[in-house]
Amino acid sequence: QVQVVESGGGLVQAGASLRLSCAASGRTFSAGAMGWFRQAPGKMREFVAVITSNGDSTYYADSLKGRFTISRDNAQNGIYLQMNSLKPEDTAVYYCAFGPNYNTAQRLSVMMRENLYDYWGQGTQVTVSS
């Protein structure tokens, strides 16, 4: 069993930055790829970004490239999502998920699929006001 806990959400104004954190415990943290997803009110949950188990490769949703950055610190059992130039449409609950061991940049886009992730956090609310 893996416990996943997100933190760092809050209310910010448009244009601001926010850094989300996610801690995972219960298994070898470096054994799993980690992803961020989000769900806006009234919408389906969508993929945000993924980072490989070793942290060497990342993949982003096309619409978020350049504004969001995912990173991980395996020594601290944590991953992070740096969000810059936030927009009201970024308002959502952000979820962190622990997935299978994946250590290649090849076909990393496959990790956009929610059903590949075994453990999910409860989510952290991000609200961006205009």
Side-chain angles (χ1 to χ4, degrees):
Q1 192 73 8
V2 176
Q3 292 76 45
V4 179
V5 180
E6 306 93 339
S7 61
L11 171 64
V12 296
Q13 290 188 331
S17 297
L18 204 58
R19 188 189 194 218
L20 304 183
S21 299
C22 171
S25 61
R27 281 180 57 181
T28 302
F29 177 75
S30 59
M34 298 286 295
W36 285 100
F37 293 77
R38 69 183 184 181
Q39 186 167 19
K43 295 186 177 181
M44 299 289 289
R45 188 158 58 187
E46 64 176 358
F47 169 78
V48 173
V50 61
I51 189 165
T52 52
S53 307
N54 57 12
D56 286 350
S57 299
T58 58
Y59 184 82
Y60 297 89
D62 286 342
S63 61
L64 300 176
K65 288 178 183 177
R67 291 197 301 124
F68 287 18
T69 302
I70 188 172
S71 61
R72 74 188 290 163
D73 183 345
N74 284 345
Q76 298 295 323
N77 286 3
I79 70 165
Y80 311 94
L81 185 69
Q82 178 68 41
M83 305 183 294
N84 298 328
S85 303
L86 283 163
K87 305 174 181 180
E89 51 263 43
D90 294 318
T91 294
V93 177
Y94 284 72
Y95 297 91
C96 176
F98 184 94
N101 187 30
Y102 201 102
N103 268 326
T104 176
Q106 294 183 1
R107 299 187 64 196
L108 187 52
S109 60
V110 70
M111 295 302 296
M112 295 175 65
R113 293 167 46 191
E114 290 187 30
N115 63 353
L116 293 179
Y117 296 83
D118 296 319
Y119 303 98
W120 293 78
Q122 293 299 307
T124 185
Q125 176 71 47
V126 172
T127 303
V128 184
S129 63
S130 59

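Given the structure is predicted, the values throughout are model-derived calculations rather than measurements. The figures that follow rest on heavy atoms only: side chains count, while hydrogens, waters and symmetry mates do not.
- In this structure, Y94 is not a member of the same hydrophobic cluster as V50, with clusters built from ILVMFWY side-chain heavy atoms closer than 4.5 Å.
- A continuous path of ILVMFWY side-chain contacts below 4.5 Å connects L20 to V12, so both sit in one hydrophobic cluster.
- Between V4 and C22, the shortest heavy-atom contact is CG1-SG, 3.4 Å.
- Between Q125 and T91, some side-chain heavy-atom pair lies under the 4.5 Å cut-off.
- You'll find the side chain of D90 stays beyond 4.5 Å of the side chain of M83, heavy atoms only.
- One finds the OG atom of S130 at 9.0 Å from the CD atom of Q13 (value rounded to the nearest 0.5 Å).
- The hydrophobic clustering, which links ILVMFWY residues whose side-chain heavy atoms are closer than 4.5 Å, places M34 and V93 apart.
- Using a 4.5 Å cut-off between side-chain heavy atoms of Ile, Leu, Val, Met, Phe, Trp and Tyr, with links allowed through other members, W120 and V48 fall into different hydrophobic clusters.
- Put simply, the side chain of Q122 never gets that close to the backbone of E6: no donor and acceptor are under 3.5 Å apart.
- With rounding to the nearest 0.5 angstrom, the OG atom of S25 is 11.5 Å from the OH atom of Y119.
- Classified by interplanar angle (parallel below 30°, tilted 30° to 60°, perpendicular above 60°), the ring pair F47/F37 is perpendicular.
- If you run side chain to side chain donor-acceptor pair (under 3.5 Å) between N54 and each of N101, N103, T104, only N103 comes through.
- Taking CG from N84 and CG from L64, the interatomic distance works out to 12.0 Å, rounded to the nearest 0.5 Å.
- Between V110 and Y102 the shortest side-chain heavy-atom distance falls below 4.5 Å.
- The shortest heavy-atom contact between T124 and G9 is OG1-N, 3.1 Å.
- In this structure, Y60 contributes its side chain and I70 its backbone to a donor-acceptor pair below 3.5 Å.
- A distance of 10.0 Å separates CD in E46 from CD in E114, rounded to the nearest 0.5 Å.
- Closest heavy-atom contact between S53 and G32: OG-C, 3.3 Å.
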Between L108 and T52, is a side chain to side chain contact (heavy atoms under 4.5 Å, CB included) present by the stated rule, with each step listed?
-> CA-CA 8 Å; L108 187 52; T52 52; 3.9 Å; yes
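- Separation of the F68 and W36 ring centroids does not fall under the 6.0 Å cut-off.
- The CZ atom of R67 lies 11.0 Å from the OG1 atom of T69; values are rounded to the nearest 0.5 Å.
- Y80 has its side chain within reach of D73: a pair of non-hydrogen atoms, C-beta onward, lies under 4.5 Å apart.
- Annotation: side chain of L116 is in contact with side chain of M111 (closest heavy-atom distance under 4.5 Å).
- To the nearest 0.5 angstrom, T58 atom OG1 is 12.0 Å from R72 atom CZ.
- Linking Ile, Leu, Val, Met, Phe, Trp and Tyr whenever their side-chain heavy atoms come within less than 4.5 Å puts Y117 and Y59 in one cluster.
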